[in-house]
Amino acid sequence: MSLLVIGTLAYDTIETVHEKRPDVLGGSAMFFSVAAGAFLPVQLVAVVGRDFKPGDLAMLQRHGVDTSGVEHADGRTFRWTGRYSADWNSRQTIETQLNVFEHFDPKIPPAMCAAKYLFLANASPVVQAKALDQVTHPAFTVLDTMNLWIEMTRPELLQLLRRVDAVVLNDEEARMLTGERNLMKAAGAVLGLGPRYVILKKGEHGAFLMGSDVHFSLPAYPVSQVVDPTGAGDTFAGGFMGYVASQGNIAPKTMRKAMLYGTVAASYCVEDFGVGALQGRTLRDFDGRYDELLGIVTP
Ligand code: AMP
């Protein structure tokens, strides 16, 4: 099965109470691809500037990612700066520099237009829609977004929500999108906007999946030390979609298991800055934590 992702490749500056780290490799599509690449080959469409290090693309290729759809544009790569509170429960965006992403007009290589599984990773809904237009018959399309786009491009986002099968949001984004404080009500309201499934991520409190044929909830995998939660949502989506696409179906049982794989992938992400702790992880590693997580949630 083919899995295509479009999103950002970035250099982030991460501020935690312990330290400030510049130029950390990130971006929504980066985290997603490294996680999903443990399950099956991933096709990536994104844009980078002339400052993007060749070694960072080579790392993606080592994780089974086809980077032939990555455009190299004149200018600097997307940059984002985020600051975390001491308990990790809140995050402030200090700065977003769109750079080459501002004029990104995604062109999906012909060989990738037939992808059956499509992940529209966090990016402008205008760019996401342009990508979706080019994929001929996707079987399962999942969308991610962020507060910036909910605030700046709400009409475009609402239009796009009517065209996708599922959406992944964190608690804050779901509340911002729907105006509902209660998360179950917010999830119901998101389903009313078009998608058949919604995945709500609640950080250290886990995640739940809701749709007409499935309702499933999971705690987070208990990691002993959080270093940087950046990208945990994208990584969750990578584990989820990677497993679903590798199985080639969206039966409720597949989606439930995919929630465990998403949770496991995200648990590695938070253990180091950027993709540091995800790099080199194989399906074997994921399976080990999958079994542990199963042991924790099964009576
Ligand atoms: P997450 O922690 O899952 O929300 O993902 C954070 C990653 O998304 C970082 O690596 C950022 O570079 C990237 N990012 C931050 N803001 C945006 C945005 N507005 N659009 C796309 N990607 C973004």
Side-chain angles (χ1 to χ4, degrees), residues 5-16 21-36 44-49 52 56 60 76-85 88-102 104 106 119-128 131 142-154 156-157 160 167-174 176 199-204 207 220 226-241 262-263 265-278:
V5 55
I6 169 148
T8 51
L9 296 179
Y11 288 119
D12 297 330
T13 299
I14 308 297
E15 297 182 21
T16 74
R21 247 312 150 114
D23 296 327
V24 178
L25 181 61
S28 56
M30 170 61 64
F31 290 102
F32 179 91
S33 301
V34 174
L44 167 63
V45 170
V47 63
V48 294
F52 201 76
D56 291 338
L60 277 171
R76 268 158 66 86
T77 298
F78 181 96
R79 276 166 202 267
W80 173 82
T81 302
R83 181 183 295 154
Y84 289 91
S85 62
W88 305 113
N89 282 332
S90 64
R91 175 173 88 185
Q92 206 187 339
T93 290
I94 305 296
E95 190 184 26
T96 303
Q97 292 179 12
L98 295 177
N99 296 335
V100 291
F101 197 77
E102 188 170 357
F104 182 38
F119 186 66
L120 302 170
N122 181 22
S124 133
V126 176
V127 167
Q128 290 174 318
V142 181
L143 172 85
D144 189 7
T145 192
M146 200 175 180
N147 46 9
L148 179 81
W149 308 117
I150 298 172
E151 277 166 10
M152 281 181 35
T153 50
R154 180 178 279 265
E156 292 85 349
L157 181 61
L160 189 57
V167 59
V168 289
L169 296 168
N170 68 28
D171 39 8
E172 187 200 332
E173 292 155 358
M176 190 185 263
I199 295 172
L200 280 195
K201 300 159 293 172
K202 302 175 288 170
E204 62 177 332
V226 175
V227 173
D228 170 21
T230 307
D234 311 306
T235 306
F236 181 101
F240 179 88
M241 282 291 272
T263 300
S267 75
Y268 283 115
C269 172
V270 304
E271 287 180 332
D272 199 354
F273 282 96
V275 287
L278 270 174

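In what follows, every heavy atom counts, from backbone to side chain, and hydrogens, waters and symmetry copies are set aside. Small disclaimer: the values here were computed from a predicted structure and weren't measured. Ligands are counted one by one from 1 in listed order, and the atoms in each one are counted from 1 as well.
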Using residues 231-240 as the side-chain source, report each donor-acceptor pair under 3.5 Å to any protein atom, sequence neighbours left out, with the distance given to one decimal.
unit_1: T235; atom_1: OG1; unit_2: G231; atom_2: O; d: 2.7

Could you tell me if the side chain of D12 sits less than 4.5 Å from the side chain of W80, heavy atoms only?
yes
Can you see which heavy atom on V5 is nearest to which on A29, and at what distance?
CG2-CB, 4.2 Å
Closest contact, heavy atoms only, A123 versus F101
CB-CZ, 3.5 Å
When rounded to the nearest 0.5 angstrom, what distance separates CD in E271 from CG in L278?
9.0 Å
Check each N or O atom of ligand 1 against all protein N or O atoms and list the pairs under 3.5 Å, with atom names and distances to 0.1 Å, one per line.
unit_1: ligand 1; atom_1: 2 (O); unit_2: R91; atom_2: NH1; d: 2.8
unit_1: ligand 1; atom_1: 2 (O); unit_2: G231; atom_2: N; d: 2.7
unit_1: ligand 1; atom_1: 3 (O); unit_2: G233; atom_2: N; d: 3.4
unit_1: ligand 1; atom_1: 3 (O); unit_2: D234; atom_2: N; d: 3.4
unit_1: ligand 1; atom_1: 3 (O); unit_2: D234; atom_2: OD2; d: 2.9
unit_1: ligand 1; atom_1: 4 (O); unit_2: R91; atom_2: NH2; d: 3.0
unit_1: ligand 1; atom_1: 5 (O); unit_2: D234; atom_2: OD2; d: 2.8
unit_1: ligand 1; atom_1: 10 (O); unit_2: D12; atom_2: OD2; d: 2.5
unit_1: ligand 1; atom_1: 10 (O); unit_2: G27; atom_2: N; d: 2.7
unit_1: ligand 1; atom_1: 12 (O); unit_2: D12; atom_2: OD1; d: 2.6
unit_1: ligand 1; atom_1: 12 (O); unit_2: D12; atom_2: OD2; d: 3.4
unit_1: ligand 1; atom_1: 19 (N); unit_2: W149; atom_2: NE1; d: 3.2
unit_1: ligand 1; atom_1: 20 (N); unit_2: W149; atom_2: NE1; d: 3.0
unit_1: ligand 1; atom_1: 22 (N); unit_2: T8; atom_2: OG1; d: 3.0
unit_1: ligand 1; atom_1: 22 (N); unit_2: N122; atom_2: ND2; d: 3.4

Please give me the minimum heavy-atom distance between I150 and E173, naming the atom from each residue.
CD1-O, 3.6 Å
